[in-house]
2 protein chains.
Amino acid sequence: MPKSQIDQIDRKILTRLQKDGRIANNDLAEAVGLSPSPCLRRVKALEESGLIRTYVALVDPAMVELPVNVFVSVTLEKQVEERLDSFEAAIRQRPEVLECYLMTGEADYLLRVVVPDLAAYEQFLKTHLTRIAGVASIKSSFALKQVRYETALPLHHLAV
Amino acid sequence: MPKSQIDQIDRKILTRLQKDGRIANNDLAEAVGLSPSPCLRRVKALEESGLIRTYVALVDPAMVELPVNVFVSVTLEKQVEERLDSFEAAIRQRPEVLECYLMTGEADYLLRVVVPDLAAYEQFLKTHLTRIAGVASIKSSFALKQVRYETALPLHHLAV
DNA sequence: ACTGAAATGGCGCGACC
DNA sequence: GGTCGCGCCATTTCAGT
């Protein structure tokens, strides 16, 4: 489903829903200059195409005792395809790993891990990360502060 | 508002809403073993306490022509408080910077930037990032693949 | 004080123009 | 894309424990 299907109104809908996923369809319709029914039809189409993946509630990390963000660079022993898959499968098991990227260059992984404190991170390292087969080296970088965290993708580049 | 206020049911509510932010209150109530009225009251309390920050729609990056993730390490010239604030303010202006963390160690920043292609990233570098006052050095690392991306925080550590 | 049940007003969501 | 209408859900009120 290429971008050619996305017009100005769809872009407005997406921008609005990325800010407020619980907006009432009536209000959304008014905001984008449509009547409720065709607006809802567009939203459903965006959902069914997979363009809108899901709706979620965002929780404040500090208020649930999860103030520590750690970025972990992981290097694997060999770059065999099989190793990558098994590493990724293992990573997907761990709920404290919120993000994981396969990186270029040294061809390792970058993880963002969220934990209550340093002790919990040490536990994660010892009990889980170091036990994954094929892990050669691990480098941890700690965040002092989360300056910005957005889930809304910028859509300005999408042509009309 | 410490965690002592959060009981088992609240945890279930949060876990559920982090997976499906648009679930009907009736269904949520049934899922957590409550009747609709007290369930909704708890949700409202969690919202007003700020523990639930907001509800959002998550959009598929590839389907809106944003397949490129870049992690950018930024070092500032001097670690004056004022410089940090002005850098952070500048970063907040740029919608392609989805995440920004103040890091320990070399005490620089780590950014996650999302762009349509390498040309757009080059444009971002030249037009915006390098023009921010106080930026000493920039190191860009590109992601080949987003292996995992979660917004749901793990709540298993919260005691009953 | 917090929970569960009933009533009402508004909205989501389909059929049709 | 807009209009109409039904059914369901969110929300308030009231009673119970």
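Convention: sequence-line order gives letters A, B, ...; per-chain numbering from 1.
- As a whole-Å value, the separation of B:R41 CZ from C:dA5 P is 13 Å.
- One interatomic measurement links the two molecules: CZ of A:R22 to C1' of D:dT11, which rounds to 13 Å at whole-angstrom precision.
- Across A:S49 and A:L46, no two heavy atoms sit closer than the pair OG-O, 3.0 Å.
- The side chain of B:K44 sits closest to D:dT11 out of D:dT11, C:dG12, D:dG2.
- Without hydrogens or angle criteria, A:S86 side chain to A:R83 main chain gives a donor-acceptor distance under 3.5 Å.
- A ring-centre distance under 6.0 Å is found for A:Y121 and A:F142.
- Of the listed nucleotides (D:dG2, C:dG4, C:dG12), C:dG4 has the atom at the smallest distance from the side chain of B:S37.
- A:L40 places its CG atom 13 Å from the P atom of C:dA15, with the value rounded to the nearest Å.
- A donor-acceptor pair under 3.5 Å is absent between the side-chain atoms of B:R112 and the main chain of B:V72, judged by distance alone.
- Atom CG of A:L28 is separated from atom C1' of C:dG12 by 13 Å (rounded to the nearest Å).
- Between the base of C:dT3 and the side chain of B:S35 there is no donor-acceptor pair shorter than 3.5 Å.
- At whole-Å resolution of the value, CG in B:N26 and P in D:dG7 are 17 Å apart.
- The side chain of B:N25 sits closest to D:dT11 out of D:dT11, C:dT3, C:dG12.
- One interatomic measurement links the two molecules: CG of A:L34 to C1' of C:dG12, which rounds to 16 Å at whole-angstrom precision.
- Distance CD (A:E48) to C1' (C:dC13): 13 Å, rounded to an integer number of Å.
- Straight-line distance from the CZ atom of A:R42 to the P atom of C:dG12: 17 Å, rounded to whole Å.
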